[in-house]
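Following: one structure in structure tokens, then a few remarks.
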Amino acid sequence: MPELPEAERARALVELRGLNRRIAAVEDSDTYVCRPHAPGEIHEALRGHHLISAMRRGKSMWFETDGGPTLYLHLGMAGRLLLDEEPHEPWDRFALQFEDGGRLALRDKRRLGRAVLDPVLDRVGPDAADITPKAFRERIGRSRAPIKARLMDQSAIAGLGNLLVDEILWRASLAPTRPANELSDDELDGLRRHVRAALRDAMRGGGAHIGKFTPHRKKGGHCPRCKAELARGTVGGRTTFWCPVDQTE
DNA sequence: ACCTATGTTGATAC
DNA sequence: GGTATCAACATAGG
């Protein structure tokens, strides 16, 4: 589930109720989620410190501390953050235990989430929710890759995943396979507006799995506009649904 | 039972 | 350099 809207909700949760609480201990024994850190390393580095800010770009989150290292978290493919709830072993892959008895947990069955200190974020592009029209045209429109692949490239624009991109391209009536550099400036501007609108709807509606199109995104599903049966294929390495009538090449 | 599917990213190969 | 492919993980479903 986690795309930009879920990451933002998680970030806001920490900002609202997770800051300025003394860290008493860190559960960091999952060497895959915490790679390349050894068990105990994050614990030693964060113990006694407090999170003082909650930042996000795309699906990446990071939390600065008072004089200690920055903690980076990523939800991966199935992770979520829980604050002050009952521990759920073995699916809590990482957690901060606060001195007040509370706990911030990364719960993730798949183990594709990450918890790392002092991240390097130079391969994370501008956030999809506030990228400028100029940056969008330049970063998206200059590649021959299919437009869908380009929108999912986190170094070009950060925050969009498979479901959200299918929703956005359907709203924009653009075929996912169209080479990005064949889009006109007007089409790129329009596409950016659809990116922002879809994100706004997803954040208000509670996540990337809802939308005008996404509920129909399944085998035998039909286009909510023209009722044609949806096409299914692989674009950018991901399962893709689109309307073969509405979404023009 | 077996095979395929799944929101993620990163390493590797062309 | 940009793009495509596969692997990493664990679980669910046909």
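Just so we're on the same page: letters track the sequence lines, and every chain starts at 1.
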For a quick test of your reading: what N or O donor-acceptor pairs under 3.5 Å do the side chains of residues 70-81 of chain A make, sequence neighbours left out?
| from | atom 1 | to | atom 2 | distance (Å) |
| --- | --- | --- | --- | --- |
| A/Y72 | OH | A/S60 | OG | 3.3 |
| A/H74 | ND1 | A/G76 | N | 2.8 |

Handout entry: Annotated protein contacts, base or backbone, on nucleotides 8-14 of chain B with a non-hydrogen cut-off under 4.0 Å, one of B, S, - each
Key = BS-----

Practice task
Walking along DNA chain C from 5' to 3', note the first and the last nucleotide with an atom under 4.0 Å from a heavy atom of chain A, and give both.
Solution key: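 Answer, 5' to 3': C/dT3 to C/dT11.
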
For [X], give me all partners under side-chain contact (heavy atoms from CB on, under 4.5 Å), at least two apart in sequence or on another chain.
{"X": "A/E229", "answer": "A/H222"}
{"X": "A/R47", "answer": "A/H43, A/E44"}
{"X": "A/E182", "answer": "A/P179"}

Quantified in whole Å, what is the [atom1] atom distance between nucleotide [N] and nucleotide [M]?
{"N": "C/dG1", "M": "B/dT9", "atom1": "P", "value": "23 Å"}
{"N": "C/dC6", "M": "B/dT4", "atom1": "P", "value": "14 Å"}
{"N": "B/dG7", "M": "C/dG14", "atom1": "P", "value": "16 Å"}
{"N": "B/dT12", "M": "C/dC9", "atom1": "P", "value": "15 Å"}

Exercise for the section: With sequence neighbours excluded, tell me which residues meet ring pair (Phe, Tyr, Trp, His ring centres under 6.0 Å) with A/F241. Expected result: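 None.
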
Exercise for the section: Keeping the roles fixed (side chain from A/E3, backbone from A/K59), state whether a donor-acceptor pair exists under 3.5 Å. Expected result: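 Not a single qualifying donor-acceptor pair exists.
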
Practice task
Write down the distance between CZ (A/R80) and P (B/dG7), rounded to a whole number of angstrom.
Solution key: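 One finds 18 Å between P of B/dG7 and CZ of A/R80, rounded.
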
Handout entry: Base-pairing string, 5' to 3', of DNA chain B - Watson-Crick or wobble, under 3.5 Å, | interstrand
Key = .|||||.|||||||

Handout entry: Qualifying salt bridge (Lys or Arg N to Asp or Glu O under 4.0 Å) pairs with a residue from residues 22-31 of chain A, counting only residues at least two apart or across chains
Key =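 For residues 22-31 of chain A, and leaving out neighbouring residues, the salt bridge (Lys or Arg N to Asp or Glu O under 4.0 Å) pairs sorted by first residue read A/R22-A/E99, A/E27-A/R103, A/D30-A/R111.
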
Handout entry: Student check: side-chain heavy atoms of A/W170 and A/P224 closer than 4.5 Å
Key = yes

According to salt bridge (Lys or Arg N to Asp or Glu O under 4.0 Å), who are the partners of [X], at least two apart in sequence or on a separate chain?
{"X": "A/K227", "result": "none"}
{"X": "A/E8", "result": "A/R11, A/R56"}
{"X": "A/D185", "result": "none"}

